[in-house]
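Step one of this worksheet: look at the structure below.
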Amino acid sequence: MANLDTGLFPTWCGGCGDWGIWAALKAALKQLNLATHQFVLVYDIGCSGNMTNHLRAYGFHGLHGRAIPAACGIKLANHSQKVIVIGGDGGLLGEGMTHFISAARANMDITVILHNNQVYGLTTGQSSPTSMKGTKGKATPLGVVEQPLEPCGFALLSGATYVARAFAGNIPDTTKIFVDALTHRGFALVEVLQPCVTYNKLNTYDWFRQRVKPLPISLGNVYEAITKAAWTDQDIFTGVFRRDETLSAYHQTFAILKDKTLIQYQEKRDLTKYITSQK
Amino acid sequence: MANLDTGLFPTWCGGCGDWGIWAALKAALKQLNLATHQFVLVYDIGCSGNMTNHLRAYGFHGLHGRAIPAACGIKLANHSQKVIVIGGDGGLLGEGMTHFISAARANMDITVILHNNQVYGLTTGQSSPTSMKGTKGKATPLGVVEQPLEPCGFALLSGATYVARAFAGNIPDTTKIFVDALTHRGFALVEVLQPCVTYNKLNTYDWFRQRVKPLPISLGNVYEAITKAAWTDQDIFTGVFRRDETLSAYHQTFAILKDKTLIQYQEKRDLTKYITSQK
Amino acid sequence: MPEVFGIKIAGPAGAGSMSAGETLVRAFTRAGYYCQGYPEYPSLIKGGHTSYLVTISEKPFPNNAPKVDLLLALTQGALDNEHQSIAETTHIIADQTLKADHEHKNLHQPTLLTVAKNAGNPLTLNTAMLGFVAPQLKLDPNLVWELIRQELGDKSQTLLDQNKAAFDQAGQLSIQYHLNLDLPKAINQTHHLAINGSQAIGLGAIAAGINFYAGYPMTPSSPLLHFMAAHQLEFDYLVRQAEDEISAINMINGAAFAGAKAMTGTSGGGFALMEEGISLSGMLETPIVIYLAQRPAPATGLPTWTSQSDLLFAINAGHGEFPKIVLAPADPDECYRLTHRAFYLAQTFHCPVVILSDKYLAENYYSSADFPALDPVPLSAVSPPPKPEMFARYAFTPNGLHSRTIPGIPGGEYIANSDEHEAHGLVDESAENRTLANQRRRDKTNEIKNYIPLPAITGNSDQAVISWGSPKYIARQVAEEMKMAHLHFNHLWPLPEKLDTLLSGYTKLISIENNETHQLARLLRQETGITIHQQLGEDTGRPLDPGKLIDQIKHY
Amino acid sequence: MPEVFGIKIAGPAGAGSMSAGETLVRAFTRAGYYCQGYPEYPSLIKGGHTSYLVTISEKPFPNNAPKVDLLLALTQGALDNEHQSIAETTHIIADQTLKADHEHKNLHQPTLLTVAKNAGNPLTLNTAMLGFVAPQLKLDPNLVWELIRQELGDKSQTLLDQNKAAFDQAGQLSIQYHLNLDLPKAINQTHHLAINGSQAIGLGAIAAGINFYAGYPMTPSSPLLHFMAAHQLEFDYLVRQAEDEISAINMINGAAFAGAKAMTGTSGGGFALMEEGISLSGMLETPIVIYLAQRPAPATGLPTWTSQSDLLFAINAGHGEFPKIVLAPADPDECYRLTHRAFYLAQTFHCPVVILSDKYLAENYYSSADFPALDPVPLSAVSPPPKPEMFARYAFTPNGLHSRTIPGIPGGEYIANSDEHEAHGLVDESAENRTLANQRRRDKTNEIKNYIPLPAITGNSDQAVISWGSPKYIARQVAEEMKMAHLHFNHLWPLPEKLDTLLSGYTKLISIENNETHQLARLLRQETGITIHQQLGEDTGRPLDPGKLIDQIKHY
Ligand SMILES: Cc1ncc(C[n+]2csc(CCOP(=O)(O)OP(=O)(O)O)c2C)c(N)n1
Ligand SMILES: Cc1ncc(C[n+]2csc(CCOP(=O)(O)OP(=O)(O)O)c2C)c(N)n1
Ligand code: SF4
Ligand code: SF4
Ligand SMILES: [Mg+2]
Ligand SMILES: [Mg+2]
């Protein structure tokens, strides 16, 4: 596998969980031995999405919240590409929640790496959909009223065929999960617990280390997985909540994508038959 | 309670489930004995939303998919109003899914009546987020690939404090549930199974009558409720999946809304203190 | 012989006046006429009054007939609703049981409902009407039945039999009637299409080699979505009904980045939601095509009526300044060619191309000359020699154009970056880089102008009527009757060089647009400094009335 | 004595150059100067180079000093990065350990880092720098410390003590230095504010009686969101961080319908998403205020830099044609008054009002005259006598204005209907009703024009510089130096009547805008037919340079 270096060095704060995710992703890509033209990285806008400038591969850095539809479009245009989404809780679960659910329901063959720092990092510290109740953000100084959104639960209820959680403080395990997710065929979510050392003073490395535990049991159905994926006061399980290879990925349901990618259809089209029918 | 008649008669197809919902809603409003200036009906765009012209009360017929945020704005401006959302599966769960989840998470004190006909009615028959797998719509002639979205499940996972399901073919029970939902304080979803006789030839009155059953047991926690709310091949339960009055509604968490509504604050504001601090 | 002849078929929504009207357009086209079919229906599913006006003529692209020569009323409501369109000379056909509000010398009341009922299905009334009227219109009943048969598609045999019975019995009934309708001359061509703007746009996209269409239903863009969906298997592309318009535009941005010829379509409200994604295309330089079918606004407006009120909205769509192309076809032939051209321009300039239509163009049926076969637009992508740096996708070039790669090409790696970026797509916020990037975008817009034709001119006069989009033939008729020249714009943005010279050659310019604020007139003044002397038009949801426009010009 | 004096403090993001810069603006304002503080920082959280330029003057609203007279470099990177801004005469203060790239006669290298370390916290370096520089700038150290103390807010006592120690020790160090800086004359006012555009807009909204602000974070509109959020308890309104911009605009439409004085704010990409909701406001006639803080685009662009490229985008926002007002303040005083006015206009005309600013205005600090106390804008709502029909909210009136009710008022029931509607809000798709509704909207726009002032004119000449928004004082400086008049627009849409007469009184018009396509110039030609002879400006993210503009005019 070629060099992933772009010559630009990340600007994340020292200690930011994004460093760990970056390291794990690079390690996973190396392990999978993919050439840099065989996959596309689709970045959302955020501190997470600023990884854009630090991986030398095909990259698409679109709009805040819209990485998933862009990724779906890329996948459908050329399904021989592995498509990986890098984004934050604000973008993927706030602005872009509809797309997250829709892509999961469709079992789009993309791997979504969710940098869950429970805050809007790049815009300097507002609360996010995963912020805990009571969190005081710059736009919610009276404290968040909402109950936090459960990314894994939502993915599971939407029918995501691969759902896992990792902790950015544990690079080896995160790498393993990335490798696993990247070899899944279908919609894969990896929620990475990502401490934001600058704007999230509650959910720190220590806080997570006290709670994070590997998922002890193997799970039965989706509803059980949803229950286990929920955070409790004591436990936040990491590991794989679902991996179901029995369902077709979205693109696999179309006969024309069986032997060719969509962009390989470049032949001239003969409209005569249709036109004649309109005479 | 005053007359709810506007002088315009609905244009729904004969036999459409919307007739039943209209009847049940009028009956519920009568039963609650609300005057027509004490509540606001917020309509989405769709066949469902076309109820706009047939209820003589304060009404807000906004944009496709955006009834919920408009309703939240109305509620926060004047929380002495009861705020009721009328919308379809396309608007509330497709275009507007992010808002649905957000309002539920916030426990906004609004009652959402979801006309679930599993199709885009007004735009003449495309598949919707709740269409069953394989459904052929005008824009999905090869059949829907997605797994159908579970409205009650999503509401429950989002933290909706009231979640119920009714069947438009059963007006008395639907009325009862409406009355119940309208007396709940907090986010209330009533999913109404609404046959669309014109564009949904699968999920007909008969089809539902074979499957619809009152929820047999009282439910434990939210995760159990999610499980029971899921449709199975045999059973589609109607009734109340959750009613939790212990949590504050969103507006109740703000001290300034304790004794006055937001729009009652019309006093002149003295900026001197702040301005002095900037000198 | 009159120049045009107008036939209106009216009934409640769901009673089949639309399909009967379309059948008449097809039948007359085959019979060698030029036709235009104009549907009117309210924004609801059932019950409201709907009508379909078929205008036939010996000349191409007739406008709506100024009066209804033949009214086919399916129900009492239809008859009542249409009382305004009944002139003294209008022939009316209505079932025997219906009551006209006053005496009409040309009221004909065969027992059509009885025929339909006898055929076993009262819903065959529209078919009975066609069976009755075909001989009176000198249409070959076999041809008309064949078209009805086609329209019924894969309906059940019972339904086919019922329709056939109704059609034949009504034809029998017709023998006793002699309406002696005064029809225009048929020119007896036999190769014309009967086609609407949506179909023609779809065919243009298919001919251009579209790979991916993502859309979300919205009147009046849905017919294109449905057309594209219906033909995906036949022509090897994919259609995705997206979860919303925002997803659709971002999906096609992604697909276009990956090499797909990609398109989306919507109407005003959906287009508003897509604007951020259009701006994205401007920054990433993805080749995308966006179809905007206009309807009266603001907000939900009049969803099933026509309008041209989104011109400046489309031209100024998306935050910031970036190259963008806006085209507006006026008839099926232009729809076909300009859509193909939209893909060509997108692949050439790597920018968003907007195709503006409206409900009138999207849903009207026209007799149209055959469409030429067109080659697909070649996919613009190169295979560069691998280098240590990434591919210089956004390198500075003299005319702002540059080659691109797509994922899968080794050595082509680059970042499509929505942040301002340097040649390889890496973020670069320096003033120097920004200045260069601005220049690249400006150069590109200037280069595009070389591809933009001046407006088409017909007629010779020092006074001219100007128009854009679907009212082309209305403006043409006005110009002809006023003995003025006619300048028609189908490339709306950017405007071509030398336009000022062209316009300043006229002593009087009159704009005709289906909007209230005279957007083309204002655009022309903005870009050329030339004032349009008389600015005409309104936005009532209805097509403009040539007679009224001529009056306004005469009384200026 | 120079007219202006420029002090730049530079360091990596997170090292406190921003807060130190703001402290200097406040200190100089209190010391009786006119100041302006201009921050520059990249779109990232940590590490990038940031700087803060403080310009002080005896005249109001100084533009950025043309050269840096005093550079305060916090780190080696800062010193290196700023080498371009160092002139021969520039005084530089940098820690002893730093190395300049070549000899500077005015390089001063006290042991500031040692001071900070001795104070127990190297992060107090910025405070040490202020302690050192205060005496050299003839600022009262007690005043400066007091301001730092304020800035530190509720930080821990340890941190306060560390900062105090660093400040005092650096002050001691300073005694040995005599930079003899040549400062402008102070005018010794004592009542001026040091305030940025975001705060001033927030105060205007609060004074107007805002009830509800819904927003979604986006640079450079976030400072307003944060300001509004911070002060909600104090001033009795509510702020909601919405799930996205679409929710925000629809929430304020709902809230405004229910009687709230409601506002949202965003930047270009978010504004794009709000356009459908702006069109909705046009149809429902809800009084809403939308704050659009511009930044360089397209797409994500340069998020933390300034631009004026969204003027036509804002004016043409939303599908369809409807009354809309666009205002653009240029300084804190205008921010305060025009925001108040925006609420007033919204309540008067029941239409969307857009306030355009940009990163420059939103984040720059200015010394500003005190803000006058303003009365709240009265809520427009009536209590009609109950009738059998609903309330005729959209009744036809001569000037397009009509009274409204809000939920809770018996007898006021009506439908705010996004479908075209009749007087009570019930759907009505007839041509007659649409014509009336169009007329109502047109009348309203015309009525609004009566409230729109002509541009403010300074200077007397037959040649004029024109500008809008934040470059006002840059254009003013250019006009003054060129001895031209200056026409400044802060009401951008609709444009006032008689503007053509005013403009045609000048023999030469020169536009100055922070964009590439000269949007105001084009708008003026569109609406008046008058061509702006020279169109200047660029969109590099940086404020325009008066010197360069003057050159361009001279070499035209
Ligand atoms: C339409 C739009 N709205 C808002 C923004 C501003 N914005 C940029 S990043 C961001 C939030 C990022 O939060 P998250 O996705 O959690 O990423 P993080 O920075 O925490 O990694 C926001 C709101 C934008 N760029 N576009
Ligand atoms: C932004 C936008 N997109 C699309 C539409 C077109 N549209 C109107 S109603 C509708 C779907 C309605 O489906 P649903 O919400 O299920 O309501 P139903 O008609 O089935 O009751 C759509 C797509 C619109 N009005 N606005
Ligand atoms: S602000 Fe938070 S998320 Fe962003 S780089 Fe710093 S630590 Fe990481
Ligand atoms: S189309 Fe369906 S949902 Fe709409 S009115 Fe008819 S039956 Fe009801
Ligand atoms: Mg985040
Ligand atoms: Mg529906």
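Quantities reported herein were computed from a predicted structural model and do not represent experimental measurements. Every chain is numbered from 1 and lettered A, B, ... according to where its sequence line falls, protein lines coming before strand lines.
Contact count versus chain D (heavy atoms, under 4.5 Å) is highest, among C/Ala297, C/Ser418, C/Ala521, C/Ala317, for C/Ser418. Here C/Asn438 is the residue among C/Thr435, C/Asn438, C/Leu524, C/Thr528 with the most heavy-atom pairs under 4.5 Å with chain D. Chain D forms the most heavy-atom pairs under 4.5 Å with one residue out of C/Gly529, C/Gly282, C/Gly541, and that residue is C/Gly529. In terms of heavy-atom pairs under 4.5 Å with chain C, the best-connected choice from D/Leu312, D/Leu284, D/Leu280 is D/Leu312. The most heavy-atom pairs under 4.5 Å with chain C, out of D/Arg522, D/Glu275, D/Glu538, come from D/Arg522. Highest contact tally toward chain C, considering only D/Thr531, D/Leu311, D/Asp539, is held by D/Asp539 [criterion: heavy-atom pairs under 4.5 Å]. With chain C as the partner, the residue from D/Ser267, D/Ala272, D/Gly301 showing the most heavy-atom pairs under 4.5 Å is D/Gly301.
Both the backbone and the side chain of C/Arg525 come within contact range of chain D, with heavy atoms under 4.5 Å apart. Proximity to chain C (any heavy atom under 4.5 Å) is restricted, for D/Asp310, to the side chain, taken from C-beta onward. Interface residue D/Arg542: only side-chain heavy atoms are found under 4.5 Å from chain C. Contact annotation for C/Thr445: neither backbone nor side-chain heavy atoms come within less than 4.5 Å of a heavy atom of chain D. Neither the backbone nor the side chain of C/Asn253 comes within contact range of chain D; no heavy atom of the residue lies under 4.5 Å from a heavy atom of that chain. Only the side chain of D/Thr304 has a heavy atom closer than 4.5 Å to any heavy atom of chain C. For D/Ile246, the part lying under 4.5 angstrom from a heavy atom of chain C is the side chain only. Residue contact with chain D, scored on non-hydrogen atoms closer than 4.5 Å, is absent for C/Arg295. With a 4.5 Å cut-off on non-hydrogen atoms, D/Gln519 touches chain C through its side chain but not through its backbone. Looking at C/Phe271, neither its backbone nor its side chain comes within 4.5 Å of chain D, counting heavy atoms on both sides. C/Asn515 touches chain D through backbone and side chain together, each having a heavy atom under 4.5 Å away.
Checked by atom type and distance alone, the side chain of D/His319 pairs as donor or acceptor with a backbone atom of C/Ala299 at under 3.5 Å.
Between D/Asn316 and C/Asn316, the closest heavy-atom pair is ND2-ND2, 3.0 Å.
Within the 4.5 Å cutoff, the side chain of D/Pro42 has no heavy atoms near those of the C/Val427 side chain. Here the side chains of C/Ile278 and D/Pro298 are not in contact, with every heavy-atom distance at 4.5 Å or above.
Defined by atom type and a distance below 3.5 Å, a donor-acceptor pair is missing between the side-chain atoms of C/Ser309 and D/Glu321.
With rounding to the nearest 0.5 angstrom, the OG1 atom of C/Thr517 is 11.0 Å from the CZ atom of D/Phe322. Distance check, rounded to the nearest 0.5 Å: CG of C/Asn433 to CG of D/Leu302 gives 8.5 Å.
When D/Glu420, D/Arg434, D/Glu429 are each tested for a side chain to side chain contact (heavy atoms under 4.5 Å, CB included) with C/Pro296, only one passes: D/Arg434. Checking D/Arg442, D/Arg441, D/Gln439 one by one against C/Glu516, the side-chain hydrogen bond (donor to acceptor under 3.5 Å, both in side chains) holds for a single residue, D/Arg442.
Qualifying ring-ring contact (aromatic ring centres under 6.0 Å, His included) partners for D/His350, counting only residues two or more places apart in sequence or in other chains: none.
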